[in-house]
Engineer: 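Can you keep this structure in mind? I'll have questions shortly.
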Protein chains: 2
Amino acid sequence: MEMIKRFYMGAMDRLLHPNLKDVSLAAALHALADPLRLEMIQRLSETDCLSSGAACPNDTPKSTISNHFAVLRAAGLVETTADGRERRNRLRRADFDARFPGLLDTVLANRS
Amino acid sequence: MEMIKRFYMGAMDRLLHPNLKDVSLAAALHALADPLRLEMIQRLSETDCLSSGAACPNDTPKSTISNHFAVLRAAGLVETTADGRERRNRLRRADFDARFPGLLDTVLANRS
DNA sequence: ATCTATAGTTCAATGGTTCCGAACTATGGA
DNA sequence: TCCATAGTTCGGAACCATTGAACTATAGAT
């Protein structure tokens, strides 16, 4: 009878936010190179914070949302904090812009 | 004894160049989201045309080069023509800039 | 013409990544 | 305590990327 304690949420490495200096251009572009993630980023850019569910179309599977947010966090694009049973996701605009000047604006502007 | 005629090179669909209006932003970003392809694009941006081999570091496997060029062509970033036994690759700068204004410049500027 | 070297493509195998249902944790409220 | 809701984790299937080996094509030399 083994005792495996699993820590979810705040303690998980998926919730860790990298220093932007450790994010490569290729990794940043990879995070942006997906239609759903672009949609999420667009929505996040329009309000100052959104729950994970609210950042995606209604029919998006939960596990898919969770994975996409992990990618966005790893690229330094999104900061996620726990707030009750929801997550509070916000764009790390200043950090990302300082590391990749003009990139986010150009990408958002090019999303027809 | 079957006769399979294979057409290489000029006739192959990998050598086809899309109209930029059919290239999505996500596809363009995907093509840019790779360190080797960024290097290739950088090199292509510095001269007006390069053979496939000359666009990559010396130790890059031939098949890898070939695949990466196929991705760049599919994204409308590169135009390839046959020239003897070499390929003549050039950036489709004007086409790409018209479709995604500022994107290529911003990406190249952010490549430290 | 035939041979040889070179540039690139294609194929196939392997390994990695992504998607998503199912099972789970965590929190808030009846 | 029970239930509903928000999100995470796991595992398998589908998809994608990498690269050696076999191939095509062309240029140049003999």
Side-chain angles (χ1 to χ4, degrees), chain A residues 2-17 26-27 29-40 49-75 78-90, chain B residues 2-17 26-27 29-40 49-75 78-90:
Chain A
E2 73 182 297
M3 173 55 174
I4 301 177
K5 182 69 178 101
R6 273 136 112 199
F7 299 93
Y8 278 67
M9 327 246 126
M12 299 313 325
D13 47 350
R14 289 168 63 103
L15 232 298
L16 248 56
H17 300 101
L29 291 169
H30 168 77
L32 295 166
D34 178 276
L36 178 53
R37 287 196 293 265
L38 284 172
E39 164 91 37
M40 294 162 76
C49 100
L50 287 176
S51 70
S52 300
C56 298
N58 296 339
D59 58 346
T60 313
K62 282 139 53 90
S63 51
T64 300
I65 296 173
S66 193
N67 287 332
H68 283 299
F69 266 113
V71 172
L72 294 177
R73 280 191 296 270
V78 168
E79 181 200 302
T80 303
T81 55
D83 175 29
R85 64 191 142 177
E86 297 193 350
R87 307 275 161 273
R88 194 176 281 282
N89 302 285
R90 75 183 73 237
Chain B
E2 75 183 292
M3 172 57 175
I4 301 176
K5 182 72 180 101
R6 275 137 112 201
F7 298 93
Y8 277 68
M9 327 245 124
M12 300 310 328
D13 47 349
R14 289 169 62 105
L15 233 298
L16 247 55
H17 301 102
L29 291 169
H30 167 77
L32 295 166
D34 178 275
L36 177 53
R37 287 195 295 262
L38 283 172
E39 165 90 37
M40 294 161 77
C49 101
L50 287 175
S51 70
S52 300
C56 298
N58 296 339
D59 58 345
T60 313
K62 284 139 50 91
S63 50
T64 301
I65 296 172
S66 192
N67 287 330
H68 282 298
F69 266 113
V71 172
L72 294 177
R73 280 191 296 270
V78 168
E79 181 200 301
T80 303
T81 54
D83 175 29
R85 62 191 144 177
E86 298 194 350
R87 306 277 161 272
R88 195 177 280 282
N89 302 284
R90 71 182 76 236

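Labels below follow one simple rule: chain letters A, B, ... track the order of the sequence lines, proteins then strands, and each chain is numbered from 1.
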Engineer: Provide the closest heavy-atom pair for B:Arg73 versus B:Val78 in the form atom of the first, atom of the second, distance.
Structural biologist: CG-O, 3.4 Å
Engineer: Whole angstroms only, please: what is the NZ-P distance between A:Lys62 and C:dC19?
Structural biologist: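 For the pair A:Lys62 NZ and C:dC19 P, the rounded distance is 18 Å.
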Engineer: List in chain and number order the residues that pass salt bridge (Lys or Arg N to Asp or Glu O under 4.0 Å) with B:Arg85, two or more places apart in sequence or in another chain; answer none if no residue qualifies.
Structural biologist: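 Checked B:Arg85 against salt bridge (Lys or Arg N to Asp or Glu O under 4.0 Å); zero matches.
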Engineer: Between C:dG8, C:dT18, D:dT19, which nucleotide gets closest to the side-chain atoms of A:His30?
Structural biologist: C:dT18
Engineer: Would you mind reading off the distance between B:Arg87 atom CZ and C:dA7 atom P, rounded to a whole angstrom?
Structural biologist: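 Result: 12 Å.
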Engineer: Between D:dG7 atom C1' and A:Asn58 atom CG, what is the distance in whole Å?
Structural biologist: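 Checked: the CG to C1' distance equals 16 Å.
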Engineer: Okay, side chain of B:Arg87, backbone of B:Ser52: is any donor-acceptor separation there less than 3.5 Å?
Structural biologist: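 No; judged by distance alone, with no hydrogens or angles, the pair does not exist.
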Engineer: Considering residues at least two apart in sequence or located in another chain, which fulfil the salt bridge (Lys or Arg N to Asp or Glu O under 4.0 Å) criterion with B:Asp59?
Structural biologist: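 Counting only residues at least two positions away or on another chain, B:Asp59 forms no salt bridge (Lys or Arg N to Asp or Glu O under 4.0 Å).
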Engineer: Rounded to the nearest 0.5 Å, what separation is found between the NE2 atom of A:His68 and the OG1 atom of A:Thr60?
Structural biologist: 8.0 Å
Engineer: Could you tell me whether the side chain of A:Ser66 has a donor or acceptor atom within less than 3.5 Å of a complementary atom in the base of D:dG7?
Structural biologist: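 In this structure, the two groups form no donor-acceptor pair.
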Engineer: Can you sort out the partners of B:Glu79 under side-chain contact (heavy atoms from CB on, under 4.5 Å), two or more places apart, ordered by chain and number?
Structural biologist: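 Per chain and number, B:Glu79 pairs via side-chain contact (heavy atoms from CB on, under 4.5 Å) with B:His17, B:Thr81, B:Arg90, B:Arg92.
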Engineer: In whole angstroms, how far is the C1' atom of C:dT27 from the CG atom of A:Asp83?
Structural biologist: 11 Å
Engineer: Could you tell me how far apart B:Phe69 (CZ) and D:dT18 (P) are, to the nearest whole angstrom?
Structural biologist: 15 Å
Engineer: Using the side-chain heavy atoms of A:Glu86, tell me which of these nucleotides is nearest: C:dG8, C:dC19, D:dG7.
Structural biologist: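 The answer is D:dG7.
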Engineer: Which residue, B:Ile65 or A:Arg37, contacts DNA chain C at a nucleotide closer to its 5' end, judged by nearest heavy atom?
Structural biologist: B:Ile65
Engineer: Verify, without hydrogens or angle tests, whether A:Asn89 (side chain) and A:Leu50 (backbone) share a donor-acceptor contact under 3.5 angstrom.
Structural biologist: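 Side chain of A:Asn89 to backbone of A:Leu50: a pair is present.
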Engineer: How many Å lie between CZ on A:Arg88 and C1' on C:dA26, as a whole number?
Structural biologist: 17 Å
Engineer: Within less than 4.0 Å of OP1 or OP2 of C:dC20, is there a side-chain N or O belonging to A:Thr64?
Structural biologist: yes
Engineer: Looking only at heavy atoms, which two atoms of B:Arg37 and B:His30 are closest? And how far apart?
Structural biologist: NH2-O, 3.2 Å
Engineer: Who are the side-chain contact (heavy atoms from CB on, under 4.5 Å) partners of B:Ala74, not counting sequence neighbours?
Structural biologist: none
Engineer: Nearest of C:dC20, C:dT9, D:dT19 to any side-chain atom of B:Ser63?
Structural biologist: D:dT19
Engineer: Distance check: side-chain N/O of B:His68 vs OP1/OP2 of D:dA17, anything under 4.0 Å?
Structural biologist: no
Engineer: Check the interface with nucleotides 1-5 of chain D: list each N/O to N/O pair with the protein under 3.5 Å, or write none.
Structural biologist:
unit_1: D:dA4; atom_1: N3; unit_2: A:Arg85; atom_2: NH1; d: 3.4

Engineer: Kindly state which residues belonging to residues 49-56 of chain B come within less than 4.0 angstrom of DNA chain C, counting heavy atoms of the residue only, listed by number.
Structural biologist: B:Ser51, B:Ser52, B:Gly53
Engineer: Whole Å only: how far is the CG atom of A:Asn67 from the C1' atom of D:dA6?
Structural biologist: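 Checked: the CG to C1' distance equals 15 Å.
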Engineer: Let me know the distance between CG of A:Leu36 and C1' of C:dC20, rounded to the nearest Å.
Structural biologist: 13 Å
Engineer: So, do B:Leu36 and B:Thr64 sit near enough that their side-chain heavy atoms are less than 4.5 Å apart?
Structural biologist: yes
